[in-house]
**Student:** 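Sharing a structure below in structure tokens format, with a few things to ask.
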Amino acid sequence: MKTLITSIALLSGIVAFAQEKPKADSAKTKNIQEVIVTKKNIQKKSDRLIFDVAASPVAKGNTAFNLLKETPLVSSTDDKTLKIAGKGNAVIYINGKRTMMNADALEAFLKNTPADNIAKIEVITLPGSEYNVESQDGIINIILKKKMTDGTSGNFRMSSTQNIYNSQSSSASLNFRKGKFGATANASYSDNIRPQDYVLMNGRGVEFNKSVGRVESIDRDFGGYVNLDYAINEKNSVGLSYNGWYSKSPRLTSDFFNTLKAKDLNGLLQTSYNRSRNNGEDQDRNHSVNLNYELKLDDKGSKVSLNTAYLNYAKEETNSNLTEMVDADKNFLAVASKFNQSTPQYINNYSATLDFTKVFKGITLGTGGNFNKTKTDNDTYFEVWNGNSFVKDQNQSNHFVYDEKISGIYVNLEKNFGEKISAKIGARMEFTDSFGEILGTEEQIKRNDRNFLPTFSLNYNINDKNALSYAFTSRVRRPSFWEINPVRIYLTQVNYIQNNPFIKASSVFNQEMMYMYKNSYFLQLSNSYTKDAVSQVPLQKKDDDGNITIRYIRTNYGTENNFSANIGMNKTFFNQIWTANYVVGLNVNTYKGIVDTDPITGDQFDPFVFDYTLATPYIQASNNIRLSTKKDWFLGINYFWMGKQRADLGTINPIQQLDLSIKKIWNDWTFSLEGKDLFKTMSININDQQKSGNYNMINQYRYSRRAVLTIAYNFGNKKLQKARNIEGAASDIKNRTGN
């Protein structure tokens, strides 16, 4: 049922910022970038934009998550995920190492890490060949301050959020360092109720199916991590990390009142009503262990790094559906259908990476490789009520297993041509071998893909005030493991989501040009072309009973071509009293393709045609104002607006959001009160009209207007810092487990 709730959210096709699409791979959308401190607010290098945290007053008393939202090109409209302008997701690195945490754990970590510990933030919009990331992902690399003092420090944070319900969260972190040994630990807990209201409507002419209702979930999450790091000597170091997360949703519900209008055999328009209710629960367990070894070859940055990891993921979900025939006043008439569904998923992954960096005079050579072996097991059980008892439905019950091996090698060269010009060129070769089958049937999926992925970047510092850069990358976007699990997720009796094991990987080619002025202003131009693009397609037809059915099927549909232009500023005024981070942009997105067949059943539908080009303007304005000379009171004013945009399922009407916050710093305490979506404007309305006459409409409201009260306390040695941060070899696989 939690999959139902998430999948309904996916139906909205929300573009949070710069035409960013929602993804089922929620963990992927939350990885950390390196943070770098300089005397300039922002600085551009050949492949990244660097935000100088030390030079910004925004960091004082803030959290890492809120600081990232103030970073140029980075945004968050749901206060959970971070996105980069023009990119689908932000993969988070710490000190150049990819994080091991899943999405929920990483969110808790960022919201409980003091921004004062951060030196710089690097935004890598087009990652080079050394980064093992998916097609349209960008990277945020957080560079922590290097403080060598021994001791203990930590922080504790409590937060309460109020919309129509109250939600709470708390976390505690502890850091310890003594000589060559460093350790960090974190534990967090949250209890949230997430309501969402929907109006779903599809049809043709006077015939339609309209569903009005609410989806709710209670989510209780507990997790944490432990990182141990030991410097054997000046050149050798070893680290061990464990990350665990447990999530339980004891109540997952949806309740839809459905109105169906259809013509009978005599051509007369008939109206009928029914009520469809889902009740379910689920629990997720996520455990990962990573062992890291690093050998420094010299003092210039040459090194060898080896990572091995094991990841275990388990998701167990059950759902019961009852559809009743009712009258216009929702009075019960008869039972239409009942069914129960169980959709467990188990994933085991073994991973290893090897990286070698050698610094020569004026040239840096990087090379290495990675290997991932993943086994997934999805045993879906579906039973229907026959009037006397529940019996197994053989057509909708299946046991799908999927094995995947991914290996890759890369090489890149980076050279500085004096102080003005720097260039980086590289290539990555990836090998994907996978095999999936539905046990007991002849249905099998085999893939043997070979992908050559070149990258290139160039930066030219024209003078002290002007800089120009260009970058090109090619990537592969693989489907997440939940996307290929052939299971149906019912919204109503005739309205459901269908996953697809036959989804092909997409090829994506990205280009970007950026101009910087005075290290405070920038112009970004980018293009992304996707072959075999994937979307959630609403296939519609009239069934034998006269009902208009619709299936939301994730499948390849054709090509996607996106252009974007961003003009931005990150600057302080009036002796750092006012810090402004503004971005004004325009997206021009073109979709081409057609889908008329259910790839699972082979059923024919009215063609759904992708033939759209739409220009979408947007504005993001973040303001931080210091209210006192003691630097202990701050006011935050953040505004976001995006014009009409094209998403997977149709055209989204303009959206906007205004947030206000007040923050008080008192010794080691920080108190903040935030008002989110004050004018209740983050309502998602999607419409699509096909030339055939078929139309599809989705209205969604997530109760984004809310108040958030946070109390944080920092204790211990403020000069403490980790000995070293460790990259997880299984991170890229973990990113594909979430939904």
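We number each residue from 1, following the sequence as shown.
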**Student:** Would you compute the distance between atom NZ of Lys296 and atom OG1 of Thr357 and round it to the nearest 0.5 angstrom?
**Tutor:** 12.5 Å
**Student:** Quick check: do Val411 and Leu365 have side-chain heavy atoms less than 4.5 Å from each other?
**Tutor:** yes
**Student:** Sequence neighbours excluded, which residues qualify as salt bridge (charged side-chain N to carboxylate O under 4.0 Å, His left out) partners of Lys518?
**Tutor:** none
**Student:** Parallel, tilted or perpendicular for Tyr310 and Tyr350, by the 30°/60° rule?
**Tutor:** tilted
**Student:** Any side-chain heavy-atom pair from Tyr313 and Ser288 closer than 4.5 angstrom?
**Tutor:** no
**Student:** Distance only, no hydrogens: is a donor on one side chain within 3.5 Å (strictly under) of an acceptor on the other, for Thr374 and Asn349?
**Tutor:** yes
**Student:** Can you tell me how far CE of Met514 sits from OG of Ser457, rounded to the nearest 0.5 angstrom?
**Tutor:** 12.5 Å
**Student:** Look up atom OG in Ser520 and atom NZ in Lys571, then write down how far apart they are to the nearest 0.5 Å.
**Tutor:** 4.5 Å
**Student:** Hey, could you give me the CD/CG distance between Glu294 and Asn236, rounded to the nearest 0.5 Å?
**Tutor:** 9.5 Å
**Student:** With a cut-off of 6.0 Å (strictly less than), are more than 12 heavy atoms of other residues, nucleotides or ligands near NZ of Lys420?
**Tutor:** yes
**Student:** Is there a side-chain contact between Ile347 and Tyr402 in this structure, where contact means two heavy atoms from C-beta onward sitting under 4.5 Å apart?
**Tutor:** no
**Student:** Which residues pass the side chain to side chain contact (heavy atoms under 4.5 Å, CB included) test with Asn412, not counting sequence neighbours?
**Tutor:** Ser129, Glu130, Tyr410, Lys424
**Student:** Please enumerate all residues that pass side-chain hydrogen bond (donor to acceptor under 3.5 Å, both in side chains) together with Asp298, with sequence neighbours excluded.
**Tutor:** Ser302
**Student:** Will you find, in the side chains of Asn227 and Ser241, an N or O donor that is under 3.5 Å from an N or O acceptor?
**Tutor:** yes
**Student:** I need the minimum non-hydrogen distance between Ala471 and Leu126, along with the two atoms involved.
**Tutor:** O-CD1, 3.5 Å
**Student:** Who passes ring pair (Phe, Tyr, Trp, His ring centres under 6.0 Å) against Phe452, sequence neighbours left out?
**Tutor:** none
**Student:** Under 4.5 Å between any side-chain heavy atoms of Arg475 and Pro127, yes or no?
**Tutor:** yes
**Student:** Between Glu560 and Arg477 (salt bridge meaning N to carboxylate O under 4.0 Å), is one present in this structure?
**Tutor:** no
**Student:** With sequence neighbours left out, what residues match Phe563 under side chain to side chain contact (heavy atoms under 4.5 Å, CB included)?
**Tutor:** Asn527, Asn561, Val588
**Student:** With a 3.5 Å distance limit and no angle check, can you tell me whether Asn243 reaches the backbone of Gly224 through a side-chain donor-acceptor pair?
**Tutor:** yes
**Student:** Residues in side-chain hydrogen bond (donor to acceptor under 3.5 Å, both in side chains) with Thr367, at least two apart?
**Tutor:** none
**Student:** Is it the case that the side chains of Asn155 and Asn714 hold a donor-acceptor pair, with the cut-off being a distance below 3.5 Å and no angle test?
**Tutor:** no
**Student:** Please say whether more than 12 non-hydrogen atoms of neighbouring residues, nucleotides or ligands are located less than 6.0 Å from CG in Asp299.
**Tutor:** no
**Student:** Once side chain to side chain contact (heavy atoms under 4.5 Å, CB included) is applied, do any residues pair with Leu306, and if so which ones, sequence neighbours excluded?
**Tutor:** Leu354
**Student:** Who pairs with Asp449 by salt bridge (charged side-chain N to carboxylate O under 4.0 Å, His left out), at least two apart in sequence or on another chain?
**Tutor:** none
**Student:** Nearest 0.5 Å please: distance from the OG1 atom of Thr590 over to the CG atom of Asn562.
**Tutor:** 7.5 Å
**Student:** So do the side chains of Asn556 and Ser506 get within less than 4.5 Å of each other, counting heavy atoms only?
**Tutor:** yes
**Student:** Between Val583 and Phe640, does the side-chain contact (heavy atoms from CB on, under 4.5 Å) criterion hold? Intermediate values first, please.
**Tutor:** CA-CA 10 Å; Val583 176; Phe640 171 84; over 6 Å; no
**Student:** Starting from the C-alpha separation in whole Å, work towards a yes-or-no answer on side-chain contact (heavy atoms from CB on, under 4.5 Å) for Ile84 and Ile124.
**Tutor:** CA-CA 9 Å; Ile84 299 174; Ile124 307 175; over 6 Å; no
**Student:** Is the closest side-chain donor-acceptor distance between Tyr529 and Gln511 under 3.5 Å?
**Tutor:** no
**Student:** Hey, are the side chains of Asn292 and Ser305 touching, using non-hydrogen atoms and a 4.5 Å cut-off?
**Tutor:** yes
**Student:** For Asn466, what residues pass the side chain to side chain contact (heavy atoms under 4.5 Å, CB included) criterion, not counting sequence neighbours?
**Tutor:** Ile462, Asn463, Tyr515, Tyr517
**Student:** Should Val304 and Tyr293 be marked as a side-chain contact (heavy atoms from CB on, under 4.5 Å) after you check the CA-CA gap, both sets of side-chain angles, and the distance that decides it?
**Tutor:** CA-CA 8 Å; Val304 176; Tyr293 169 76; 5.9 Å; no
**Student:** Minimum heavy-atom separation for Ser173 to Asn186, with atom names?
**Tutor:** OG-ND2, 2.7 Å
**Student:** Less than 6.0 angstrom from the centroid, inside 45 degrees of the normal: does Lys373 satisfy that with respect to the ring of Phe371?
**Tutor:** no
**Student:** State, yes or no, whether a side-chain contact exists between Tyr470 and Phe456 at a heavy-atom distance under 4.5 Å.
**Tutor:** yes
**Student:** Taking salt bridge (charged side-chain N to carboxylate O under 4.0 Å, His left out) as the definition, give me every residue that meets it alongside Lys178, ordered by chain and number, with sequence neighbours left out.
**Tutor:** none
**Student:** Looking only at heavy atoms, which two atoms of Trp245 and Gly223 are closest? And how far apart?
**Tutor:** CE3-CA, 3.0 Å
**Student:** How would you list, by chain and number, every residue that makes a ring pair (Phe, Tyr, Trp, His ring centres under 6.0 Å) with Phe431, sequence neighbours excluded?
**Tutor:** none
**Student:** Which atoms form the tightest heavy-atom contact between Glu512 and Thr125, and what is the distance?
**Tutor:** OE1-OG1, 2.6 Å
**Student:** Kindly write out the residues that satisfy salt bridge (charged side-chain N to carboxylate O under 4.0 Å, His left out) with Glu430, not counting sequence neighbours, or none if the list is empty.
**Tutor:** Arg428, Arg478
**Student:** Considering only heavy atoms from C-beta outward, does the side chain of Asn624 approach that of Asn581 to under 4.5 Å?
**Tutor:** no
**Student:** Calculate, to the nearest 0.5 Å, the distance between atoms CG and CG belonging to Asn461 and Leu468 respectively.
**Tutor:** 10.0 Å
**Student:** For residues Ala183 and Leu228, report the shortest heavy-atom separation together with the two atoms involved.
**Tutor:** CB-CD2, 3.8 Å
**Student:** Could you go through Val289 and Leu240, starting from their C-alpha distance and side-chain angles, then the distance that decides it, and tell me whether this counts as side-chain contact (heavy atoms from CB on, under 4.5 Å)?
**Tutor:** CA-CA 7 Å; Val289 180; Leu240 179 67; 3.9 Å; yes
**Student:** Could you tell me which non-hydrogen atom of Asp403 sits nearest to which non-hydrogen atom of Lys375, and how far apart they are?
**Tutor:** OD1-CG, 3.0 Å
**Student:** Anything under 30° is parallel, anything over 60° is perpendicular, the rest tilted; go ahead and classify Tyr242 against His287.
**Tutor:** parallel
**Student:** Taking Ala309's backbone N and O only, do any of them form a donor-acceptor pair with Ser351's side chain (distance below 3.5 Å, no angle check)?
**Tutor:** no
